[in-house]
**Q** 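Below are the C-alpha cells for one structure; questions will follow.
Both backbone and side-chain heavy atoms feed into the values below; hydrogens, waters and symmetry mates do not. First listed ligand is number 1; within each ligand, the first listed atom is number 1. Given the structure is predicted, the values throughout are model-derived calculations rather than measurements.
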Amino acid sequence: MKRKAIYPGTFDPITNGHSDIVKRAAKLFEHVIVAVAARSSKTPVFTLEKRVELATAVLADLGNVTVRGFEGLLAEFAKQCDTQVIVRGLRAVSDFEYEFQMAGMNRTLIPDIETIFLTPATEYTYISSSLVREIAALGGPIDDFVHPFVRVALCQKRC
Ligand code: COA
C-alpha cells in the first residue's frame with residue numbers, strides 16, 4: 001500500500017477546484033504533499049513564495065496535507081519526497097491528452113512512479129486559474145471560485 005501521494009501543479013493561484021482534489025486525495029492517502037512548481041510551461045503571475053503561502057493558508061484545515069515548493073523535475077522531487085504516487089485532477093476529456101503525456105513522461109523518468117487521476121465535483125469542472133485571474137483583473141466576482149485569502153491576493157494584484 002502506498003501511503004503518501006504528491007499533487008503537483010502551478011497553482012497560480014490555487015482554486016476551489018484544486019482544493020476539492022486535495023480533499024479527495026487526503027481521504028485516500030495518509031499524507032498528501034501539494035507540490036507547487038517553481039517553473040512549468042507557464043509564466044506564473046504570483047511568485048513561488050506567494051503561491052505556496054496561499055495554498056498553505058487555504059489548506060490549513062487539512063491535517064495530513066503539506067504544501068511545498070519545488071524546482072526542477074517533478075519526478076525527482078517525488079523521489080526526494082519518498083513517494084511514487086502522483087495525483088492529478090481531470091476536469092474534462094480535453095485535459096486527458098496533456099495528462100496522458102505527462103504521466104508517460106514521468107513514468108519513463110522514474111519507472112516506479114504511478115499517476116492516478118481524480119475528478120473534481122461537477123461545479124468545479126470549468127474552473128481554471130487563468131480564467132479566475134482574468135475575471136479578477138476585469139473586476140468580476142470570483143467568490144465562487146477561490147478562497148477569500150486568494151480573492152484578497154488577486155484584488156491586491158489588481159490595485
Ligand atoms: N480545478 C480547477 N482547476 C484545475 C483543476 C481543478 N481540479 N485541475 C487543473 N486545473 C487547472 C489549473 O487552474 C490550470 O489552469 P490554467 O492553465 O488556466 O492555469 C490548469 O488546469 C492546469 O494546471 P495545474 O493542474 O496547476 O497543472 P499545470 O499544468 O500548471 O502543472 C506541472 C504542470 C507543474 C505538474 C508540470 O509542469 C511539472 O511537473 N513541472 C515540473 C517540471 C517537470 O517535471 N516537467 C516535466 C513534466 S513531464
**Q** Answer yes or no for Leu73: is there a heavy-atom contact with ligand 1 below 4.0 Å?
**A** yes

**Q** What atoms of ligand 1 come closer than 4.0 angstrom to any heavy atom of Gly72?
**A** 41 (C), 42 (C)

**Q** Going by atom types alone, do Ser19 and His147 pair a side-chain donor with an acceptor below 3.5 Å?
**A** no

**Q** Which part of Arg91 is near ligand 1, with near meaning a heavy atom under 4.0 Å away: side chain, backbone, both or neither?
**A** side chain

**Q** Could you pull out the closest heavy-atom pair between Val146 and Thr15, with the gap in Å?
**A** CG1-CA, 4.1 Å

**Q** Under the rule for salt bridge (charged side-chain N to carboxylate O under 4.0 Å, His left out), what residues qualify as partners of Glu49, not counting sequence neighbours?
**A** none

**Q** Any N/O of Leu74 closer than 3.5 Å to an N/O of ligand 1?
**A** yes

**Q** Return yes or no for this condition: an N or O of Arg133 is under 3.5 Å from an N or O of ligand 1.
**A** no

**Q** If you have a sec, work out which protein heavy atom is nearest atom 19 (O) of ligand 1 and how many Å separate them, to one decimal?
**A** Lys42 NZ, 3.3 Å

**Q** Counting non-hydrogen protein atoms only, what is the nearest one to atom 34 (C) of ligand 1? Give residue, atom name and distance.
**A** Ala37 CB, 3.5 Å

**Q** Quick test: of every protein heavy atom, which one is nearest to atom 37 (O) of ligand 1, and how far off is it to 0.1 Å?
**A** Ser40 CB, 3.4 Å

**Q** Can you label the angle between the Phe70 ring and the Phe77 ring as parallel, tilted or perpendicular, going by 30° and 60°?
**A** parallel

**Q** Relative to atom 29 (O) of ligand 1, which among Tyr124, Tyr98, Phe70, Phe145 owns the nearest non-hydrogen atom?
**A** Tyr98

**Q** Closer than 4.0 angstrom: is that true for some heavy atom of Arg88 and an atom of ligand 1?
**A** yes

